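Contents: one structure, followed by commentary.
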Amino acid sequence: MTARCCADVRADTAAGKVTAAETLTGALDRAREVNAGREGLNIFAWRDDDDARRQSASIGDRLADTAPGALLGVPVAVKDNIATLTMPTTCGSRILEGYVSPYEATVVKRLRAAGGIVFGKTNMDEFAMGSSTEHSAYGPTKNPIAPDRVPGGSSGGSAAAVASGIVSIALGSETGGSVRQPAAFCGIVGVKPTYGRVSRFGLVAFASSLDQVGVFGQTVDDAARGLGAIAGHDEMDSTSADIAVPDYTAGANADVKGLVVGLPKEYFPASLDSQIRARCDAAIERLKALGATVKEVSLPHTDLAIPVYYIIAPAEASSNLARFDGVRYGLRLTGDGLRGMYEATRSGGFGPEVTRRILLGTYVLSAGYYDAYYRKAQQVRTLIANDFRRVFDSGVHVLFTPTAPSTAFPIGAISDPYEMYLSDIFTATANLAGVPAMSIPIGRIGGLPVGGQFLASHFDEARMFTAAYALERALGAEAHA
Ligand code: GLN
């Protein structure tokens with residue numbers, strides 16, 4: 001079962017055919033039905049249903065407005081690392097136990113301004129470090145399609161909230177694939193916008209040069225509407241770009257004749273799972289049948305993305321996470337004096353993966369290793385970004401690749417951190433280069449969803465959406481079969 005799509009809810013709410021309160025009741029019923037709570041799928045870290053009811057009750061007052069809002073009456077789930085005033089913001093971590101932000105993220109303010117209803121904070125890998133949503137202080141989230149499997153991560157709670165039909169839109173965050181990979185594992189749409197397209201104000205920092213808020217949708221249209229509502233310049237985030245936001249739904253019915261689609265050969269290695277390759281090939285055939293020109297291209301530095309990502313992201317994380325010291329936020333554990341308090345709080349508050357990243361990051365930034373690791377990684381990052389620039393400058397409009405090297409794996413199956421890191425092999429490049437990318441469902445293998453990824457040039461999300469709309473339309477029910 002799916003939630004009613006964003007466009008219908010908005011139109012019916014604006015026309016007075018349905019109230020926001022009725023839509024919310026539907027979402028709450030569905031959450032109960034799928035057992036979204038701790039004992040069931042464990043999708044939400046926090047919910048405040050009374051507050052959601054108050055929000056929807058106030059929507060009626062806006063019906064007389066000339067522009068009632070693009071998300072009027074639409075419930076939206078929000079990842080637990082995005083600051084909200086009414087619920088805690090704990091990043092799936094014990095160290096933020098009980099922390100309620102004194103301010104709200106810009107993306108949440110924009111959701112509200114568009115008439116959206118903030119529906120719960122979703123479970124996540126601690127501080128967004130992970131690819132499975134197994135590493136949360138609140139326990140693992142289960143994949144609604146196959147509850148013995150992971151939903152992907154780190155935004156697995158948001159992906160599961162959409163995939164189980166509770167909400168049509170959810171916010172996640174992306175540092176190396178945390179929206180696209182769970183979207184692929186759960187059979188929904190996930191978008192990572194261009195770096196700077198969406199404000200990061202109120203998104204708890206993991207790796208600031210890579211982080212972006214991303215959007216999940218049941219469909220391409222839901223995702224386009226969700227992104228449209230939160231995108232655009234924000235004076236509270238100096239890295240947000242002052243570039244006009246186009247209507248991402250404009251290409252909903254456009255044809256893609258003449259669209260040049262590049263297939264980077266490094267994303268289709270001989271070792272790629274043959275069934276995933278077959279799904280991608282079928283999608284590529286559809287694009288050709290629609291009149292797109294498909295050609296092989298090369299992004300030669302792709303294989304360096306994982307090592308580079310796992311130097312830069314932990315380096316930035318080790319600096320960003322220094323603020324969690326027992327003084328300013330959440331948890332405080334006592335120890336011997338001030339230093340003992342720091343040590344007790346940080347060792348008791350952070351889980352093993354976060355601790356590993358802080359250690360890694362501190363190491364690569366330390367005098368003597370900085371040049372060998374961190375500086376070198378920054379140089380290679382430039383090469384990866386240049387690969388994309390060269391391909392897009394050569395007349396390629398969008399790229400198409402698999403989103404992830406596997407389908408959703410069983411909970412507990414991957415215990416080696418390095419093996420987990422390889423889940424991001426096709427997604428981390430977009431974050432390193434800052435380009436937009438999205439995953440859409442392109443079929444299933446043994447009942448488990450497979451995602452196909454489109455990537456575009458900086459701030460060219462509109463073209464990426466046009467391609468995704470067209471492929472979604474062409475695949476029809478095949479996308480979920
Ligand atoms: N899985 C990657 C990591 O663990 C990406 C996480 C993300 O995008 N937030 O760092």
Side-chain angles (χ1 to χ4, degrees), residues 78-82 91-93 122-136 140-141 150-159 170-186 190-193 195 198 200 203-216 305-321 350-361 364 377 381 403-406 408-409 414-439 451 453 455:
V78 175
K79 191 175 178 179
D80 191 32
N81 61 349
I82 297 176
C91 299
S93 182
T122 58
N123 198 22
M124 56 183 281
D125 284 307
E126 187 177 1
F127 283 100
M129 298 173 186
S131 305
S132 65
T133 317
E134 293 171 287
H135 304 293
S136 160
T141 293
V150 304
S154 63
S155 316
S158 286
L171 299 187
S173 71
E174 268 263 358
T175 304
S178 278
V179 168
R180 288 163 288 156
Q181 185 256 20
F185 279 16
C186 291
V191 183
K192 180 206 96 75
Y195 185 79
V198 174
R200 288 184 294 117
L203 168 67
V204 179
F206 162 9
S208 309
S209 77
L210 301 161
D211 297 342
Q212 272 291 283
V213 172
V215 182
F216 292 96
I306 291 295
V308 165
Y309 175 87
Y310 279 97
I311 291 171
I312 292 175
E316 294 185 20
S318 71
S319 165
N320 277 326
L321 271 57
F350 289 132
E353 184 58 31
V354 176
T355 304
R356 182 179 300 117
R357 305 274 180 116
I358 292 172
L359 289 171
L360 253 172
V364 299
R381 179 180 187 172
T403 305
S406 74
F409 43 84
I414 298 188
S415 54
D416 173 8
Y418 186 68
E419 203 189 322
M420 190 73 90
Y421 297 170
L422 293 176
S423 297
D424 305 317
I425 197 148
F426 301 141
T427 49
T429 46
N431 303 75
L432 289 165
V435 297
M438 68 192 285
S439 178
Q453 175 175 234
L455 303 98

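Small disclaimer: the values here were computed from a predicted structure and weren't measured. First listed ligand is number 1; within each ligand, the first listed atom is number 1.
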For this session: Answer with yes or no whether the side chains of Asn431 and Glu174 bring together a donor and an acceptor at under 3.5 Å.
Result: yes
Exercise. Can Lys79 and Ser155 be counted as having a side-chain donor-acceptor contact under 3.5 angstrom?
Worked result: yes
Exercise. Any sub-3.5 Å donor-acceptor pair from Gln453's side-chain atoms to Arg180's backbone N or O?
Worked result: no
Exercise. Do Ser439 and Thr403 meet the criterion of a side-chain donor-acceptor pair at a distance under 3.5 Å?
Worked result: yes
For this session: Only counting residues at least two apart or in another chain, list the ones meeting side chain to side chain donor-acceptor pair (under 3.5 Å) with Tyr195.
Result: Arg200
Exercise. Under a 4.0 Å heavy-atom cut-off, which residues neighbour ligand 1?
Worked result: Ala128, Met129, Gly130, Ser131, Ser154, Glu174, Thr175, Gly176, Gly177, Ser178, Phe206, Tyr309, Tyr310, Arg357, Asp424
For this session: Answer yes if the side chains of Ser209 and Glu316 hold a donor-acceptor pair under 3.5 Å, and no otherwise.
Result: yes
